Protein chains: 2
Amino acid sequence: MFTLSEENYLKAIYHLELDGTKGISTNSIAEKLQTKASSVTDMIKKLSDKKVVIYKKYKGVKLTDLGKKTAANIVRKHRLWEVFLVEKLNFSWDEVHEVAEQLEHIKSAKLINQLDEFLGFPTHDPHGDPIPDNEGNLKTIEKSLLSTLHKNETGICVGVDDSSSEFLQFLDKKGIVLGKKITVLEKENFDDSLSILVDEKKLSISNKIANNLYIKKS
Amino acid sequence: MFTLSEENYLKAIYHLELDGTKGISTNSIAEKLQTKASSVTDMIKKLSDKKVVIYKKYKGVKLTDLGKKTAANIVRKHRLWEVFLVEKLNFSWDEVHEVAEQLEHIKSAKLINQLDEFLGFPTHDPHGDPIPDNEGNLKTIEKSLLSTLHKNETGICVGVDDSSSEFLQFLDKKGIVLGKKITVLEKENFDDSLSILVDEKKLSISNKIANNLYIKKS
DNA sequence: TATAATTTTTAGTTAAGACTAAATATATAT
DNA sequence: ATATATATTTAGTCTTAACTAAAAATTATA
Ligand SMILES: [Mn+2]
Ligand SMILES: [Mn+2]
Ligand SMILES: [Mn+2]
Ligand SMILES: [Mn+2]
């Protein structure tokens, strides 16, 4: 069994590995968890003793299979709870993350499996992120950043990269929600801003926005 | 804001006060929380600093209004989650307590109020215990221990005093669930055991059982 | 390659929340 | 009323998970 703090470290390392990095550095973990590098070193030793990470001094850290499975299960819980909050308790997608950060640490296999069933075995959370199965497997769907689409290409909005409240509320305001069809009308060379079509409405969005929206090309 | 440990102490004191005791002793708290008296003294000082209990050395402890409200809110969360687990996730009444012990510490006013609404504003938990309202008010219903009923009296089963798994599973086995009509057929003077009628079936139950079952007389 | 900059680890503190053992206050019994 | 028993508090220790500051290793630069 893992403490709340250990679980948060595991999750942080898991996300960093998914982001593509190979050896996860002490500093990157510290930054992700808003803590100090020395604290990370301490915790890494504990996680290494518990066989969830491989640790070589000065060489960064790597999840073991057990570590990956454990972390994926926490992410599974986080995302299932987010679905619950949005689907059943009328939370909006920008309100769920903080509560899910708490709920993901509740320990009960039955709880999470029954919740999964109650929700109809959802495959994605409210931000379009995939929900790991009971064994920790993630099926990643093919998606591209809106910023990589070319003029006249069209796709469905399937996720966000940044899921901060500010960004999500901005999207709400613009009428951009998951499932919406988006067409690139124009691409400005000067600042990489885009002119897009959503619901017959023409919107102008910055490159920063386009870099945080995932599209499934169609 | 209160830590998990502080919340558990508040809840313990709250329950002890509801049980009728006036000045709650260090030892009784220690026993309820399975901890040592010295640990209790430490924590009581912290709670006193935070204005949730009145503490006079050697004289026991008492909840302030703020303390009562805080504790009642934790109990509210505990019981609403128990309803959720039974009504929505197919838990049985003997499986919910441990999970609710964890869920009661999740901090989100919106979560608990939406959950309340989602559940249809239940007034009692799966064990027949009343659910405090948002202000911490408890409406207690009139109920008697089955052991206090006389021969030929009849009532509805409305709660349990002991809600351990073992007791609850025993009741399930006997077909005694909340809402069942129970009639006292015979009372044995020798050992205070009872012969009762449930669902046309005659059952013989010990005094210990009868002392843990609440009945609303009819 | 030698030096400088950066990253990581180690050593030593701190705070929360538990514990044991000892001291002190209160309650009970002669 | 005094002695004994019980309850409570205090003093000091331990563990977890943070922190700062200093030391050591690695990486980058001249
Ligand atoms: Mn989230
Ligand atoms: Mn999410
Ligand atoms: Mn309970
Ligand atoms: Mn209950």
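Below, read A as the first sequence line, B as the second, and so on, with proteins coming before strands; counting in each chain starts at 1. Just so it is clear, the model here is predicted, and its values are computed rather than measured.
Separating the CE atom of B:Met43 from the P atom of D:dT10 is a distance of 16 Å, rounded to the nearest angstrom. B:Ile44 has its CD1 atom 11 Å from the P atom of D:dT10, to the nearest Å. Summarising the geometry, the separation between CG on A:Leu47 and P on D:dA17 is reported as 9 Å, rounded to the nearest angstrom. In this structure, B:Glu6 atom CD and C:dA15 atom P are separated by 16 Å, rounded to whole Å. Between B:Phe2 atom CZ and C:dA16 atom P the separation is 15 Å, expressed in whole Å. Protein atom NZ of A:Lys46 is 10 Å distant from nucleotide atom C1' of D:dA18, rounded to whole Å. Separating the NZ atom of B:Lys56 from the C1' atom of D:dT9 is a distance of 17 Å, rounded to the nearest angstrom. Straight-line distance from the CD atom of A:Gln34 to the C1' atom of D:dA17: 17 Å, rounded to whole Å.
In this model, the phosphate group of C:dT9 is approached by a side-chain N or O of A:Tyr55 to a distance below 4.0 Å at OP1 or OP2. Contact check, B:Thr26 against D:dA7: no side-chain N or O comes under 4.0 Å of OP1 or OP2. At the phosphate of D:dT6, neither OP1 nor OP2 sits under 4.0 Å from any side-chain N or O atom of B:Tyr58. Within the 4.0 Å cut-off from OP1 or OP2 of C:dT10, not a single side-chain nitrogen or oxygen of A:Thr41 is found. Listed pair A:Asn27 / C:dT8 meets the phosphate criterion, a side-chain N or O lying under 4.0 Å from OP1 or OP2. When the side-chain nitrogen and oxygen atoms of A:Lys36 are compared with OP1 and OP2 of D:dA18, none of them lie within a distance under 4.0 Å. Applying the 4.0 Å criterion to OP1 and OP2 of C:dT8, one finds that A:Lys59 has every side-chain N and O outside that range.
Contact annotation for A:Ser5: backbone-only contact, meaning every heavy-atom pair under 4.0 Å involves sugar-phosphate atoms and none involves a base. Using a 4.0 Å heavy-atom distance criterion, B:Ser38 is classed as a base contact. In this structure, A:Lys45 reaches the sugar-phosphate backbone alone: every heavy-atom distance under 4.0 Å involves primed, P, OP1 or OP2 atoms, never a base.
The aromatic ring centres of B:Phe84 and A:Phe84 sit less than 6.0 Å apart. For A:His97 and A:His78, the ring centers are positioned less than 6.0 Å apart.
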Under the criterion salt bridge (charged side-chain N to carboxylate O under 4.0 Å, His left out), I'd like the reasoning laid out for A:Lys11 against A:Glu104: C-alpha separation, chi angles, the key distance, then a yes or no. CA-CA 11 Å; A:Lys11 191 164 55 105; A:Glu104 71 189 4; 3.0 Å; yes

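Residues A:Lys57 and A:Ala37 each lie close to DNA chain D; by heavy-atom proximity, the contact nearer the 5' end of the strand is made by A:Ala37.
Taking both residues in full, the closest heavy atoms of A:Leu138 and A:Ile131 are given as CD2-C, 4.2 Å, listed atom of the first, atom of the second, then distance.
In this structure, the nucleotide among D:dT8, D:dA18, D:dA17 sitting nearest to the side chain of A:Asp42 is D:dA18.
Geometrically, A:Lys45 does not engage A:Tyr55 in a cation-pi contact, judged by NZ or CZ lying under 6.0 Å from the ring centre and within 45° of the ring axis.
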